[in-house]
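Everything quoted here is computed from the prediction, not taken from an experiment.
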There are 2 protein chains.
Amino acid sequence: MKSAASAMSHDDTQDTGVPQIRDAIRDAIVERRLSPGTKLSESDVGNLFNVSRTLARAALQALSYEGLVSVEKNRGAFVAYPSPDEARQIFAARRLVEPGILREAAVHITRSDIEHLKQLLLEEGRLMGERGQTARRAEIKASGDFHLTLAAISGNAIMQRFMEELVARSSLVIALYGQSTVSSCGHAEHGDIIEAIESGELDRACRLMLHHIAHIEADLDLRERKSVGLKEAFEL
Amino acid sequence: MKSAASAMSHDDTQDTGVPQIRDAIRDAIVERRLSPGTKLSESDVGNLFNVSRTLARAALQALSYEGLVSVEKNRGAFVAYPSPDEARQIFAARRLVEPGILREAAVHITRSDIEHLKQLLLEEGRLMGERGQTARRAEIKASGDFHLTLAAISGNAIMQRFMEELVARSSLVIALYGQSTVSSCGHAEHGDIIEAIESGELDRACRLMLHHIAHIEADLDLRERKSVGLKEAFEL
DNA sequence: GTGCAGAAAATCGTATACAATTTCGCCCAC
DNA sequence: GTGGGCGAAATTGTATACGATTTTCTGCAC
């Protein structure tokens with residue numbers, strides 16, 4: 001199943017082959033094939049996709065606006081390495097925004113939307129059963145798709161785009177600070193939320209959503225962990 | 001007084017002379033010196049700022065990520081012309097997000113923050129007294145600064161950036177669909193909100209904020225109004 | 001005068017070239 | 001052996017060049 005990010009047309013007042021490169025790199029970051037801190041040199045990216053540095057640079061720039069890549073003047077682009085504080089802000093933003101999205105989605109939701117959500121849930125469950133890093137990657141993505149789909153249902157393209165950023169960055173944070181190998185008590189919670197929406201218990205759905213986000217965040221060990229730092233290891 | 005947008009450091013993991021160009025164009029858009037739909041050709045922008053098309057293009061691209069400029073493949077960049085539906089989404093997003101920001105800001109707010117807000121309010125009032133388009137521009141910006149400052153106080157850089165986008169785009173919407181010459185019953189409402197925060201009446205502050213946003217939106221005439229249409233001129 | 005080629009001009013899309021900056025290795029002094 | 005500095009290599013910053021697409025203008029047919 002294609003990811004929500006690529007299936008949802010995004011914005012596409014776009015223009016070049018840049019989107020393809022951007023999306024490919026984004027997927028690689030979100031799926032953790034690229035780890036935080038990895039250098040993304042313009043030449044390398046360009047060669048990899050058989051385009052000039054011009055387009056590679058544009059794609060990296062785009063990703064920097066989404067907070068997935070940080071570009072430093074005269075030094076280049078790196079897969080973002082969110083600080084614990086940034087991580088907290090990301091989740092604070094989600095707590096702030098997702099209940100509202102949920103309520104808005106509840107207004108517009110149709111039966112087929114609910115079907116779609118349940119479908120996602122099934123897929124998620126299936127992946128949970130599997131073993132291996134590939135399955136874990138797919139699981140993270142599927143888990144994100146649940147939240148992204150809710151945003152899409154809300155009908156607000158702006159909030160949708162914002163959530164895409166938050167979910168992608170959350171994935172980075174989990175990659176960096178996640179503890180339990182499977183942070184997906186989430187699965188059951190997703191189901192509960194759908195159920196609450198379906199039966200019209202909006203307030204309960206919001207409460208569940210907040211708990212859900214809190215649970216994800218609780219699985220993090222938010223301590224400074226700068227690079228594999230040799231120096232830092234002694235400065236403690 | 002410098003605008004909040006440029007005073008607030010934004011993100012600045014930035015790199016080139018692009019930020020200067022981007023900010024200059026953004027200010028021009030937000031202050032309505034550039035009207036919606038205006039073509040922004042890469043060559044013109046480049047010549048204007050004495051840089052090559054490369055940098056001009058990068059700046060325009062950046063603005064397109066913020067929704068202030070729309071770039072169409074092989075056609076170029078234009079000052080965004082938000083549709084009525086986009087306008088509604090922008091304000092829906094603000095209603096969804098600003099109460100939360102307000103609550104978060106209330107947690108972190110200091111006495112000096114409150115002083116700062118009151119300062120803004122004074123400035124706003126002063127501008128309301130003046131006449132002329134220049135004053136109106138400054139007034140729009142000052143009004144936006146109130147909301148931006150609250151976001152800054154909240155301490156969440158992500159929500160702050162998001163609000164910057166929403167406020168800037170709101171300005172575009174008001175430019176396009178605003179009716180009353182002075183949409184700034186807002187001034188008094190800003191004062192009320194500060195007051196409510198100061199006295200710890202959080203729920204009331206949120207209610208006031210929602211009313212405030214509703215008032216701004218109520219001043220809009222959200223009817224399709226494509227280009228300065230010659231045809232439309234007769235359909236009246 | 002209206003409408004439709006077709007060519008010329010302007011503008012964007014992408015690659016390449018060159019300058020500026022950083023990074024890395026090397027050599028030498030201590 | 002350690003540290004500092006110098007120079008080469010690599011990488012980014014910016015400009016320019018050239019092909020592709022769109023827009024505008026022109027001229028001819030009707």
### Query
Can you say whether the rings of B:H190 and B:H147 are parallel (under 30°), tilted (30 to 60°) or perpendicular (over 60°)?
perpendicular
### Query
Within this structure, what is the CG-to-P distance between A:N47 and C:dA15, rounded to whole angstrom?
11 Å
### Task
Take the protein atom CG of A:L60 and the nucleotide atom P of D:dG13, then report the distance between them rounded to whole Å.
11 Å
### Query
For A:N74 and D:dG13, what is the distance between atoms CG and C1' respectively, to the nearest whole Å?
7 Å
### Query
Taking A:I21 as the fixed residue, which of A:V45, A:L60, A:L63, A:L48 is the one that meets the side chain to side chain contact (heavy atoms under 4.5 Å, CB included) rule?
A:V45
### Query
Which one, C:dA15, C:dC12, D:dG13, comes nearest to the side chain of B:R57?
C:dC12
#### Entry: Spacing between B:I21 atom CD1 and D:dA15 atom P, to the nearest angstrom
8 Å
### Task
Find the distance B:E42:CD to D:dC18:P and express it as a whole number of Å.
18 Å
### Task
Determine the contact category for B:S41: base if any of its heavy atoms lies under 4.0 Å from a base atom, sugar-phosphate if only primed atoms, P, OP1 or OP2 are that close, otherwise nothing.
sugar-phosphate
### Task
Classify the side chain of A:R75 and the base of D:dG13 as holding, or not holding, a donor-acceptor pair under 3.5 Å.
no
### Query
Is it the case that A:Q89 and A:D85 place a side-chain donor and acceptor less than 3.5 Å from each other?
yes
### Query
Quick one: are A:E164 and A:R26 in side-chain contact, heavy atoms under 4.5 Å?
no
### Message
Please compare B:S43 and A:S52 by the position of their nearest nucleotide in DNA chain C and report the one closer to 5'.
### Response
B:S43
### Message
Below 30° counts as parallel, above 60° as perpendicular, anything between as tilted: where do the rings of A:F162 and B:F162 land?
### Response
parallel
### Per A:T54 side chain, nearest of listed nucleotides D:dA15, C:dA15, D:dG13
C:dA15
### Task
Using whole Å, report how far CG of B:D44 lies from P of C:dA10.
12 Å
### Message
Quick check for you: among D:dA15, D:dT12, C:dG13, whose closest atom lies nearest to any side-chain atom of A:R53?
### Response
D:dT12
## Note on the structure
B:L40 atom CG is separated from C:dA10 atom P, nearest whole Å, by 19 Å
### Task
Check the distance between C:dG13's C1' and B:E72's CD and give it to me in whole angstrom.
16 Å
### Query
Taking for each residue the nucleotide of DNA chain D with the nearest heavy atom, is it A:K39 or B:V51 whose nucleotide lies nearer the 5' end?
A:K39
